[in-house]
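Notes follow once the structure below has been shown.
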Amino acid sequence: MSEFNIVGKSMPQLGSIEKVTGKALYTDDLQFDDLHYALILRSPYAHARIVSIDTSRAEALPGVKAVLTGCEYQKTFGVLPISYDETVLAVSKVRHVGEGVAAVAATTLEIAGEALKLIEVEYEELPGHFDPAAGIVPVENPVHDHGRNGSNIHKQVNLSFGDLQAAHSATLFEVSGQFEFPAVTHGFLEPHSAVARWSDSADELTIWSSTQVPFYLRRQLSRVFDLPLEKVRVIKPYVGGGFGGKSDPFPHEFVVAALAGKVRKPVKITFSREEVFISHHARHPSIIKMQLGADREGKFTYLDLDATINGGAFGSFGVVTTYYNGVLTQGPYRINNFRYQGRRIYTNLPPSGAMRGHGAVNTRFVKECLIDELAENMAIDPCDFRLANLLPEHTLTATQFRITSNGMKECIERVRRDSQWDARIGKLPYGHGLGVACSFFISGSALTINRDDPQSIVRTVREEDGRFTVYSGASDIGQGSDTVLAQVTAEVLGVDLDCIRVISADTGRCPIDIGSYSSRVTFMAGNAARLAALNLLQALEKGTGNVGVGEYESPKMGGDYKGAGAGLSPSYSFGASVVEVKVDTRTGFIKIVKVWLAHDCGKALNPQAVEGQIEGSVHMGLGQFLSEQLQFEGGRIANASFIDYKMILPTDLPEINAIIVESNDPEGPFGAKECGEGALHPVLPAAANAVYNACGLRLRKLPAAPDYVLSLLRHEHTPVGAKKP
Amino acid sequence: MSLPSFQLHMPHTVDQAISLAGSLKGDSAFVAGGTDLLVNAKEQLNCHKNLISLSGIGAMKEMSRFSIGAAVTIAELIRKGEILPPLLSKTARMVAGPALRESATVGGNLLLNGRCVYFNQSKLYRCSHGACMKAEGKACIAVAQTERCYAPFSGDLAAAFLVLNAEFELAGPEGERIVPACEFYVNDGIHANVLNSAELLVRVRLSEDAFDFNCDYRKLRPRSSIDFPEAGVAVAVKKTNERASELRVALTALGPAPSLAVLRDDQLEQAKARGLADTLWKQLSPSVLAVRNTSFSPTYRREMARLFIEQMLESLLA
């Protein structure tokens with residue numbers, strides 16, 4: 001018998017029937033009287049000065065109700081207060097192909113399209129900056145004027161812990177490598193879409209948007225349009241996936257707001273898939289160098305890491321990404337001597353930003369691949385090697401991250417056992433292999449982006465019929481956060497789930513939650529919901545009221561060095577994966593045969609949803625491993641469609657064994673912590689290590705496309721100790 | 001993204017369709033499933049003011065043992081595939097994905113517009129990069145200083161029909177004509193076949209001979225569904241008295257036109273000494289015009305086609 005009635009039981013997500021029967025209304029489905037349609041004219045140049053814009057012919061076209069250019073709203077915005085560097089439309093120069101230059105609102109989409117053709121823009125082309133390595137030194141016409149010393153460096157991080165020199169002398173085994181990763185996209189199904197409408201008095205703005213961050217959007221709209229916060233209302237309808245690609249305030253949201261202000265009617269924009277590829281804020285293309293050492297006892301001595309990440313044209317979450325590339329790499333292992341040098345470089349590519357597993361996926365790949373090499377050199381089983389180096393529960397890392405619950409050991413043991421690792425490793429024929437890797441990720445950032453923001457507040461009300469309504473700012477973007485809030489509330493109140501109604505992600509009705517990103521909602525909004533329900537219960541018992549409010553704030557923690565807050569979380573997830581592959585050594589095709597993935601999510605509030613997150617993570621991770629990459633040439637995306645961008649298909653997926661490990665976090669709601677992002681991390685390196693085990697190839701870049709694999713098979717010297725055909 | 005406006009015409013007979021096309025003086029295209037033509041039209045590629053739908057022409061949807069209407073959907077071909085040489089449904093199963101196959105037709109696959117990373121692009125991309133000669137531009141982008149378009153023909157079924165020695169029945173203002181599959185295609189990415197203006201592919205004909213071959217089709221593609229072929233190889237082997245008497249190999253997606261190589265009787269015996277795959281490849285390679293304009297490199301695509309021929313022959317001749 002479970003100690004809980006509702007928590008811990010698998011259940012379909014709230015709204016799932018509406019979604020599968022087509023009744024759920026996404027932003028583009030919403031109906032408005034007198035709706036007008038917006039389109040954005042986008043720059044064909046990667047880097048150019050705008051000499052002039054003539055919109056007169058477009059304005060004269062019947063049916064065109066408003067035209068907008070960049071000079072009308074010059075205030076910058078962004079998600080991080082330290083990188084407010086985007087404008088509604090390009091002001092005096094364009095910084096990437098596809099940046100918005102002008103926008104129109106018309107009575108029909110067709111007229112809006114015709115109007116765009118009538119706008120004449122004169123550009124003076126500037127040389128484009130595409131190579132991040134070239135942007136480290138001062139350059140002519142940098143992407144922004146605020147790069148360090150006239151360079152294109154957006155952010156530089158230098159961190160060092162312990163004593164690297166002393167660690168070198170204790171080191172017996174050492175491995176190093178340089179790895180390259182292209183940009184990859186989130187691949188959510190629903191494109192960005194937004195509708196804006198002003199009040200008749202023109203002093204209140206309402207916007208419906210497919211967003212992960214309604215409260216950040218509200219704040220930035222209020223800044224740019226100079227409105228008090230309470231005069232801006234952001235409503236998030238059903239969202240068809242985000243994965244980080246909807247976690248910034250985006251220019252189009254300001255464009256529809258500005259146009260709606262001019263037209264005095266509701267104005268809508270819905271992106272084409274190409275516009276999504278331009279605007280999504282992809283995972284940063286990166287070049288990562290790493291050196292890793294171990295002593296004669298098989299313990300890590302040091303980790304030395306250098307990452308250059310390609311930020312594209314704007315800041316987005318990039319400062320955080322720069323830190324995460326370093327600091328999230330250390331766990332789940334004890335490594336006391338750790339150096340990280342990282343830099344984010346502005347280029348004339350579409351901006352990079354946050355994507356599932358934010359900032360840590362590529363460096364995790366490098367580290368887990370190098371650990372595999374180290375284990376090979378030391379002739380230790382890679383599972384044993386990892387087990388011997390794990391952080392324990394309730395400890396501090398070198399960067400002074402506070403580790404609480406930790407199910408890492410059990411995760412490795414489970415995938416090892418279920419994959420029959422010990423019976424099979426080293427005994428499979430040439431071309432057939434197994435690989436293992438681990439993960440470590442945050443359950444939300446302990447520090448809020450805007451220092452004065454609370455993390456999450458939930459208000460729960462008993463209605464007159466005896467049922468309960470939960471009001472929360474948290475954005476359900478398909479991950480199931482509404483269901484989690486309902487489950488937690490029902491559990492505390494001792495009622496059935498159908499007694500709970502959740503109203504969420506409407507800044508006009510709900511208290512703040514800062515958004516669905518960095519895997520924070522179950523932990524933080526879940527805690528707030530639990531407290532709200534407890535407070536309501538108390539009020540009901542005492543007869544003092546019908547409302548309970550709960551607020552979650554992270555405990556104070558962390559070091560006092562510069563950047564100590566980055567990567568700091570009240571709780572961390574852990575995980576391990578074993579991947580089985582078969583490599584066709586005549587064609588270079590890698591077939592993923594089977595994946596075992598054990599993830600420590602603290603407590604699975606809805607096990608079916610946790611399994612869904614694990615399966616989705618495997619799909620996304622294998623896509624980046626096997627075939628996904630954005631191909632740029634001259635700043636243009638050459639494959640901005642789902643036929644040319646090779647996201648893997650259901651037919652490419654192997655059998656996935658999702659294993660839930662519950663370490664019962666002392667601070668998580670009913671012990672829960674994150675599961676939406678950490679589960680992605682181990683899949684890619686486990687697959688790479690399996691390829692090595694199969695045919696002796698060490699991959700140094702992704703994706704592991706068959707032509708690349710075949711070229712390695714032909715030209716690379718098969719390392720000593722590896723299997724021979 | 002919306003379709004440009006067009007006038008849709010719905011003829012009921014082949015004759016009506018042809019005379020409509022004639023009267024519209026070149027500014028029309030025939031449309032069946034629309035999975036190729038309408039996708040391109042959305043990107044304002046090769047748009048026409050008039051579309052003549054073939055979906056109301058019953059005769060073009062008929063299928064029998066020796067005849068397949070051009071408007072038969074690929075899904076239908078699979079469902080009723082048991083009356084046909086098994087190669088056809090095997091190949092058809094590798095075309096696109098299940099949902100697309102319900103709309104896409106046999107004729108549409110045989111007349112697929114050539115695909116190229118520089119052609120199948122958005123208006124923004126073409127405006128930024130400059131459009132190629134197959135779109136609204138003047139020159140080829142994939143290959144410098146060429147007069148010719150290298151967009152590869154990427155239909156799978158063509159390779160199957162080529163090795164089955166099929167014939168295409170065409171109807172036009174000048175009347176009907178029968179063109180063997182091996183004479184239908186032209187190695188030019190813009191005009192990739194012999195169809196004249198207002199001429200229509202009505203059906204594909206097979207002879208009894210098509211049932212005498214053991215066949216296979218292999219497709220090189222990044223993913224296991226949906227993708228167009230980066231190289232497609234069909235192989236057919238006829239055996240007489242337990243001995244191979246005829247070998248037919250067709251390639252698709254390695255140039256603007258699919259190509260065919262045939263070895264019979266004496267040639268076959270001679271080729272055995274030199275190596276069958278090598279001999280066939282030597283025959284085929286002049287028509288292989290693979291350049292860097294798809295996902296995989298041209299070298300890799302050629303190499304894989306060569307490998308597939310070898311591997312398929314090995315298993316079919318075993």
Side-chain angles (χ1 to χ4, degrees), chain A residues 37 39-46 96-98 108-110 112-113 116-117 191 270-275 277-278 584 586-589 591 623 626-629 631 633-653 703 705-711 714, chain B residues 1-5 35-36 39-40 42-44 93-94 96-98 100 115-131 141-142 154 218 220-228 230-231 292-308 310-311 314:
Chain A
Y37 299 86
L39 283 176
I40 295 173
L41 180 70
R42 297 183 177 279
S43 165
Y45 294 101
H96 67 87
V97 173
T108 70
L109 206 49
E110 289 69 29
L116 288 192
K117 294 180 194 163
T270 298
F271 277 179
S272 67
R273 183 54 60 178
E274 180 188 32
E275 287 179 296
F277 272 99
I278 290 167
D584 182 337
R586 299 290 301 276
T587 64
F589 269 86
K591 181 175 175 52
L626 289 171
S627 53
E628 291 185 36
Q629 63 175 322
Q631 287 159 339
E633 47 92 35
R636 291 170 286 270
I637 309 173
N639 59 340
S641 73
F642 278 161
I643 188 70
D644 293 321
Y645 179 86
K646 305 295 183 186
M647 189 185 299
I648 62 167
L649 304 165
T651 47
D652 300 310
L653 271 182
D707 43 354
Y708 167 55
V709 171
L710 194 63
S711 72
R714 284 192 184 149
Chain B
M1 197 165 40
S2 44
L3 275 172
S5 60
T35 54
D36 183 34
V39 174
N40 281 349
K42 280 187 176 180
E43 298 293 1
Q44 296 166 50
R93 275 176 221 280
M94 286 188 243
L100 285 163
R115 299 189 60 82
C116 169
V117 290
Y118 300 103
F119 170 69
N120 297 98
Q121 284 292 357
S122 68
K123 193 78 187 164
L124 173 68
Y125 182 96
R126 299 191 322 263
C127 176
S128 174
H129 193 294
I141 300 173
S154 305
R218 258 181 92 177
L220 176 73
R221 54 179 165 182
R223 299 173 291 187
S224 57
S225 182
I226 294 185
D227 285 336
F228 289 97
E230 295 271 325
R292 191 170 293 280
N293 61 356
T294 66
S295 271
F296 291 139
S297 73
T299 315
Y300 181 71
R301 286 158 59 207
R302 278 192 293 263
E303 261 185 61
M304 288 304 105
R306 169 73 182 71
L307 174 71
F308 288 179
E310 193 180 307
Q311 292 182 333
E314 201 177 296

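Just so it is clear, the structure is predicted and the values come from calculations on it, not from any experiment. Throughout, a chain's letter reflects where its sequence line sits, starting with A, and its residues are numbered from 1.
Interface remark: A:I278 contributes side-chain atoms only to the contact with chain B (heavy atom separation under 4.5 Å). The contact between A:Y645 and chain B is made entirely by backbone atoms, counting heavy-atom distances below 4.5 Å. For B:R115, the part sitting under 4.5 Å from any heavy atom of chain A is the side chain, from C-beta outward, and nothing else. Contacts between B:E310 and chain A at a heavy-atom distance below 4.5 Å involve the side chain alone, from C-beta outward. Heavy atoms of A:E633 lying under 4.5 Å from chain B belong exclusively to its side chain. Of the atoms belonging to A:S641, not a single heavy atom falls under 4.5 Å from chain B. With a 4.5 angstrom heavy-atom cutoff, A:L39 does not touch chain B via any of its atoms.
Put simply, of B:S128, B:S295, B:S297, the one with the most heavy-atom pairs under 4.5 Å next to chain A is B:S128. Note: B:L307 leads B:T294, B:N120, B:L307, B:V117 in heavy-atom pairs under 4.5 Å with chain A. In terms of heavy-atom pairs under 4.5 Å with chain B, the best-connected choice from A:V97, A:D644, A:T587 is A:T587.
Legend: residues meeting side chain to side chain contact (heavy atoms under 4.5 Å, CB included) with A:P703, ordered by chain and number and at least two apart, are A:P182, A:Q629. In this structure A:T651 satisfies the side-chain hydrogen bond (donor to acceptor under 3.5 Å, both in side chains) test together with B:S224, sequence neighbours excluded. For the side chain to side chain contact (heavy atoms under 4.5 Å, CB included) test, residues two or more places apart in sequence or in another chain that qualify with A:A705 are A:D707.
Atom CD of B:Q311 is separated from atom CZ of A:R586 by 5.0 Å, given to the nearest 0.5 angstrom. The line from CG of A:D652 to CD1 of B:I226 is 9.5 Å long, rounded to the nearest 0.5 Å.
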Exercise. Take B:D227 and A:K646 through the test side chain to side chain contact (heavy atoms under 4.5 Å, CB included) and record every step on the way to the result.
Key: CA-CA 9 Å; B:D227 285 336; A:K646 305 295 183 186; 3.0 Å; yes

Exercise. May I have the step-by-step check of side chain to side chain contact (heavy atoms under 4.5 Å, CB included) for B:F228 and A:I643, ending in yes or no?
Key: CA-CA 9 Å; B:F228 289 97; A:I643 188 70; 4.2 Å; yes

Quiz item: Hey, mind stepping through A:K117 and B:K123 against side chain to side chain contact (heavy atoms under 4.5 Å, CB included) and telling me if it holds?
Solution: CA-CA 11 Å; A:K117 294 180 194 163; B:K123 193 78 187 164; over 6 Å; no

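The nearest pair of heavy atoms linking B:R223 to A:I648 is CD-CA, 4.2 Å. Between B:F296 and A:P706, the shortest heavy-atom distance links the atoms CZ-CG, 3.6 Å. When every heavy atom of B:P222 is checked against every heavy atom of A:F589, the shortest pair comes out as O-CE2, 3.9 Å.
For B:E314, the CD atom sits in a loose shell: 12 or fewer heavy atoms of surrounding residues, nucleotides or ligands are nearer than 6.0 Å.
Contacts from residues 298-306 of chain B to chain A, taken as heavy-atom pairs separated by less than 4.5 Å, involve B:Y300, B:E303, B:M304 in sequence order.
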